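Just below is one structure, and these are the notes that go with it.
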Amino acid sequence: MYYKETIRQMYDIGVGSIMIIFVVNLFIGAVTAVQFIYQLSGQIIPKYYIGYIVRDMALIELAVTFTSIILAGKVGSNIASEIGGMRQKEHIDAMEIMGVNTSSYLVMPKLIAALIVIPILVSVAAIVSISGGYIATIYSGSYSHEEFIQGLRSFFKPFTVVMMYIKAVVFAYIITSIACYQGYFVKGGSIELGQASTRAVVFGIIVVLIADYIIAVVLTG
Amino acid sequence: MIRTEGIFKSFGDHEVLKGIDFTFEKSKTNLIIGKSGAGKTVLLKILVGLIKPTAGHVWYGENDLCALNKYELQDLRMQVGMLFQGNALFDSMTIEENIRFPMDMFTKMSAKEKRTQVDLCLERVSLEGVNDKYPSEISGGMQKRVGIARAIVLNPKYLFADEPNSGLDPKTAITIDELLSKITVDNNITTVINTHDMNSVMEIGENICLLHEGKLAWQGSNSEVLESPNQTLQDFIFASPFLQKLKNIALSKS
């Protein structure tokens, strides 16, 4: 049962979010490139830095943070509503009377699914974001394919990828646990369920950003 | 048999139950009745361990529910089945998956054995052939019967039902009452039903607990209701002028 539920959650989080993550990160990468092209104009900074900047911005910050914020909204509200709805429809009471450990049955599959799927989504987001940067750079006409690729291959520190995955795992935990908590302890009717869902999103985003800062300070300090 | 001993329950300053002592007898249909706000649902939730009483004990045979640890409580709950007011069927699962859920969670039965048990339970509630439908595809009365099938799938010793007739037409309500009563006798179990339904009281109320303002106002069986001098009971049962008239006719004939 736990296995089936975990697979279902992985499908919901992964397949259900891939499109929005693709679109958002494509444009984030493109905007990063366009902004940097604007900053570079008239400067004596080597042109190939464009690829380097887009890559590191995507890997260290933008892909993982934007993806997590999107997921805090989409998946966080979904989880809070699902569990909160089960609380209100007495599904959780029914499971408890059957002897099911409801916190484990309802929370664990979602947590495990998020811890597996969100880092995968972040990987996709990073690739898409860099691709967006590449497309915007080439279409600007001022930079060549070779310059972008040279930048992409310059000054690469594997630790940036490690940092991205550390953030992805921590953010996945934060998004899921806050949403599950808000849904599990919801009381009252549909208004309270809506409020719990909103709290799951708001608290999720705020805690993700705080954690982002702390991780950045700890890992780069 | 389930016995409550001095059950008190407060929510903040509001005292909902004020010392309930009652014995729910085995192989009988036990009813908890009373006006809205009398504390019926709270008492039922205390009986199944969803709410802890402020004071008092709930005895399942020799076991005090309030003193059980987490694992003992889980073992006891394996012997409990419950039908909820809103059925509490899982919307994303088919009828078969809903009924199979307790077996999937707690037994190592093979898929074939589970299927046989599901079919058996559906047969008990006269709902053959709906295995692959979803709860939203069947009527309210059928959902109640699926709820009963799920509640009895692990052959519980104790069966609870929270307002099983709410939202049902009188004929379907009678069918549900008869079904619960039959299961109680056939399986030799302790059944506790929380109800407002006067028909249930008169038809299947073998052991009735009337709650009024958080206290036990009357206890007895359906055969004692008509002639009981208890004013709270009479006010509750024969609240409408129509029922009052029927009572007078019945008394004059007897």
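Atom set for the values below is all heavy atoms of this structure, side chains included, hydrogens, waters and symmetry mates excluded. In this text, all values refer to a predicted model and were calculated from it rather than measured experimentally. Numbered from 1 within each chain, the chains take letters A, B, ... in sequence-line order.
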Over 12 non-hydrogen atoms of neighbours within 6.0 angstrom of [atom1] in [X]:
X	atom1	value
Phe11(B)	CZ	yes
Lys26(B)	NZ	no
Ile20(A)	CD1	no
Tyr139(A)	OH	no
Tyr60(B)	OH	yes
Arg153(A)	CZ	no
Lys74(A)	NZ	yes

To the nearest 0.5 Å, what is the distance between [atom1] ([X]) and [atom2] ([Y])?
X	Y	atom1	atom2	result
Glu97(B)	Lys4(A)	CD	NZ	5.5 Å
Met98(A)	Gln74(B)	CE	CD	13.0 Å
Ser92(B)	His91(A)	OG	NE2	8.5 Å
Lys45(B)	Glu96(A)	NZ	CD	10.5 Å

Heavy-atom distance under 4.5 Å to chain A: side chain of [X], backbone, both or neither?
X	value
Asp91(B)	both
Leu89(B)	backbone
Phe160(B)	neither

Pairwise side-chain contact, Phe90(B) with Met95(A), heavy-atom cut-off 4.5 Å (strictly under):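 With C-beta onward as the side chain, the pair touches.
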What's the shortest heavy-atom distance between Phe84(B) and Ile97(A), and which atoms?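 Minimum heavy-atom separation between Phe84(B) and Ile97(A): CZ-CD1, 3.5 Å.
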I'd like to know which of Leu73(B), Val48(B), Leu50(B), Asn87(B) tops the heavy-atom pair count under 4.5 Å against chain A. Leu50(B)
